There are 4 protein chains.
Amino acid sequence: MPRPDVSAERKAQILQAAQQVFARQSFHDVSMQTIAQTAGLSVGGVYWYFKSKDEIIAALLARNAEPILDRLRQLADSDAPTTARLKTFFREIIAAEDQIAVLYSTGIKLYAMTGANPQLQNSVRAIGAAYRDGLATLIRQGVERGEFQPVNASDAAMALLGLYEGLMLLWLADPQAVQFENTLQAGVMLMLKGLMHP
Amino acid sequence: MPRPDVSAERKAQILQAAQQVFARQSFHDVSMQTIAQTAGLSVGGVYWYFKSKDEIIAALLARNAEPILDRLRQLADSDAPTTARLKTFFREIIAAEDQIAVLYSTGIKLYAMTGANPQLQNSVRAIGAAYRDGLATLIRQGVERGEFQPVNASDAAMALLGLYEGLMLLWLADPQAVQFENTLQAGVMLMLKGLMHP
Amino acid sequence: MPRPDVSAERKAQILQAAQQVFARQSFHDVSMQTIAQTAGLSVGGVYWYFKSKDEIIAALLARNAEPILDRLRQLADSDAPTTARLKTFFREIIAAEDQIAVLYSTGIKLYAMTGANPQLQNSVRAIGAAYRDGLATLIRQGVERGEFQPVNASDAAMALLGLYEGLMLLWLADPQAVQFENTLQAGVMLMLKGLMHP
Amino acid sequence: MPRPDVSAERKAQILQAAQQVFARQSFHDVSMQTIAQTAGLSVGGVYWYFKSKDEIIAALLARNAEPILDRLRQLADSDAPTTARLKTFFREIIAAEDQIAVLYSTGIKLYAMTGANPQLQNSVRAIGAAYRDGLATLIRQGVERGEFQPVNASDAAMALLGLYEGLMLLWLADPQAVQFENTLQAGVMLMLKGLMHP
DNA sequence: TATGAATGAGTTTTCATTCAT
DNA sequence: CATGAATGAAAACTCATTCAT
């Protein structure tokens, strides 16, 4: 009689723990020891499910990007005005700030630290490209539907993405100085105004 | 007869070396050994001028911010149209991309890694605030001079700063996917359009 | 109804697998994991049949020595000239080189690694003694039958054994530099000439 | 004022310690910790002089081979009868048994364990080749001077070397069962008899 | 019988930092 | 001022072994 497969559960448990500790410390400052303890496992136990620290990080990255990419795909199928859809998207991100902040804390650290591991670099790049493409699709629709000026959708998408990432970065660096919601909303509004026909 | 003070020279020499190596590797992957060798000194020699690795990092950060902040202050004293001044500012940054990229490669890694060291955190925050204030001053002037809509200057400045930082981040993560110049210019143009009276 | 006893079969299966992997890697570099997988079992399964890694090694050692010792005993019962018998013995070993090489690859590593485990040490010693005694019996017969000079049979046997082990060692260390067949044959011939009456 | 260079001294000190502990335990059973403590240094101190455990082993190997190779070269320049020279060589080795045993304990383990590290493998092979060439030179001289039968010098040298290595191996595996001096002498005598004209 | 998840001690190696000279 | 030897505390990762199922 096969025991129930604990593998998925354990992996989730470990990623959950990793998320939690990576949120507060830099990658090099988090030891496998810590991750294991936080997950309620032994070091060897963690290695049973992930072959290396980097593999944990990569899994984390993928896990965090998933729901956001899903939402972008959903919005691409909507007929609502593009400005509204983009506003919605960023409003939702802002609303989920509490949940997302932690994710992005890790995510952004990753963007900035990919240097050494090429495999990780590829993951990061793939996810970055997916974000950009998702946004670009919306903007392209906006242009096609006559809502936006005929801009380069890819550049505009990258700019929006950059704005978001940059503000998240600044906010993480100094949470008290940056009011994430207001500023992101303000920045997105500026860009959308710039995109629309005068 | 006192020997000429080599202190300043040595410090610069060390920071120069640190810059060079930090540009290509994460902070934890760069050893004091490496910095010392690159600077043409011994490990102990480096410690004569900087009490710790973190102190080197902080000094680096300050050094890199200086010329940019100077330029912002200069521009604040100009009577030229604000749109032009901001365009100039970012055009200059883009033009100096080659020189600045390395600086920012380090700078951004710092933003993302401040976690543990409070002193370092303060440096990073102070510099971030200075950038924002510099940009906010220009925007406020733009509003006062009637060039811009009556936006919250601080938010807009932060958005511009975020755009810049975020694009730099994305570009560092994937230089081939991001055309820094085009995208930054496009993003800044969008925001400026959004700022101006229709 | 008792299931057929798979024990012997499983043990053979495990030893076979161990042989295979030990042939190419040092003992410390082979994990029980690897042995188990090669044998098509789980780790726990291997432990069902062998109490420890060392026990596997000891069993391997014994298994490899058996056929050679058998052949020596057979030859001791033969009336053929001793020179011929010894030549035959080594010729057979050389002929079976392909099959034996792997066995001895493991065997010799064992000789060199007995250090820590006394039980293992005893196995190794017992087998070494059996080889030497087998050869000594032949040589003693040669002396008694007047074929050889009145040498110390035990010393001569040990020398022959040493020659064999040493060449195997050298050959394993550098297969391209050592022509095992030629050299062993040449060496044995030299010794036999030295043994015989002028 | 430069301090006296302790580097050579320290390296010798470390190799000395390594020798001592490798003599009694297999390579994997000796930790850098142990080597360091035996040498009276910290772990980091050992790493200051040797980049890895393998590097220590390689250095050890070279150091141990040196004097023996020197002696072989010396003997090649002598006009004494070759039988005498070879007897002398092995007699000296036997006489220095106490000093050499430890060296060879390490040496032989190396022969048997080269598997993983190619660099180490090359060292081992080079030294093996040097031994064989040294002996072959002597034997070739013996043939040329008419003392020996026209044998293949390289094969005979390898056989002598194999005899020596093999006996050392057997002796290390079971010091009580093998009388190294007697047996090596007996074996060498047999081979020399076989080499000489009847 | 057999599985494979889990353990945790142990290994090599790195590195910021100190300090005698 | 400057050197570079030395320290020692970590870190990532491995692996023989156990045991509930």
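So you know, we letter chains A, B, ... as the sequences are listed, proteins then strands, and number each from 1. What you see is a predicted model; the values in this text were computed from it and never measured.
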Mark yes or no for whether A:Thr34, through its side chain, and A:Val30, through its backbone, hold a donor-acceptor pair below 3.5 Å.
no

Give the nucleotide from the list [options] with an atom nearest to the side chain of [X].
X	options	value
C:Lys53	F:dA16, E:dT13, F:dA11	F:dA16
A:Arg10	E:dA6, F:dC1, E:dA16	E:dA6
C:Ser42	E:dA6, E:dA2, F:dG8	E:dA2

Rounded to whole angstrom units, what separation is found between the [atom1] atom of [X] and the [atom2] atom of [N]?
X	N	atom1	atom2	value
A:Ile57	F:dC13	CD1	P	10 Å
A:Met32	F:dA10	CE	P	18 Å
B:Asp54	E:dC15	CG	C1'	14 Å
D:Gln37	F:dA6	CD	C1'	15 Å
C:Glu55	F:dA16	CD	C1'	14 Å
C:Gln13	E:dT1	CD	P	13 Å
D:Asp29	E:dT11	CG	P	9 Å
D:Ile35	E:dT11	CD1	P	12 Å

Within this structure, what is the [atom1]-[atom2] distance for the pair [X] and [Y], rounded to the nearest 0.5 Å?
X	Y	atom1	atom2	result
A:Thr38	A:Gln19	OG1	CD	12.5 Å
A:Arg63	A:Ile56	CZ	CD1	11.5 Å
B:Gln13	B:Arg10	CD	CZ	5.0 Å
A:Leu61	A:Leu15	CG	CG	11.0 Å

Looking at A:Tyr47, I'd like to know whether one of its side-chain N or O atoms comes within less than 4.0 Å of OP1 or OP2 on F:dC15.
no

Side-chain N or O of A:Trp48 less than 4.0 angstrom from OP1 or OP2 on E:dA5?
yes

Most 5' of A:Gly44 and A:Gln33 on DNA chain F, judged by nearest nucleotide:
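Residue closer to the 5' terminus by nearest nucleotide: A:Gln33.
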
Between A:Val43 and D:Val43, the residue closer to the 5' end of DNA chain F by nearest nucleotide is D:Val43

Decide yes or no for D:Val124 and C:Asp174: does some side-chain heavy atom of the first lie under 4.5 Å from some side-chain heavy atom of the second?
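Not touching, per the 4.5 Å side-chain cut-off.
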
On DNA chain E, does the nearest nucleotide to B:Lys51 precede the nearest nucleotide to A:Gly45 from the 5' side, or the other way round? Give the residue.
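Nearer the 5' end of the strand: A:Gly45.
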
Which residue lies toward the 5' end of DNA chain E, D:Ser31 or C:Leu41, if each is placed at its nearest nucleotide?
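Upstream on the strand: C:Leu41.
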
Side-chain donor-acceptor contacts of residues 42-52 of chain B below 3.5 Å, not counting sequence neighbours, with atom names and distances?
residue : atom : partner : partner atom : Å
B:Ser42 : OG   : B:Gly45 : N            : 3.1
B:Ser52 : OG   : B:Asp54 : N            : 3.3
B:Ser52 : OG   : B:Glu55 : N            : 3.1

Considering every strand and a 4.0 Å limit on heavy-atom distances, what is the contact class for C:Val30: base, sugar-phosphate, or nothing?
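Touches sugar-phosphate only.
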
Nearest heavy-atom neighbours spanning A:Ala17 and A:Ile35
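Looks like CB-O, 3.9 Å.
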
Compute the bend angle of the helix from E:dA2-F:dT21 to E:dT21-F:dA2 from the end axes (five pairs per end), rounded to 10°.
10°

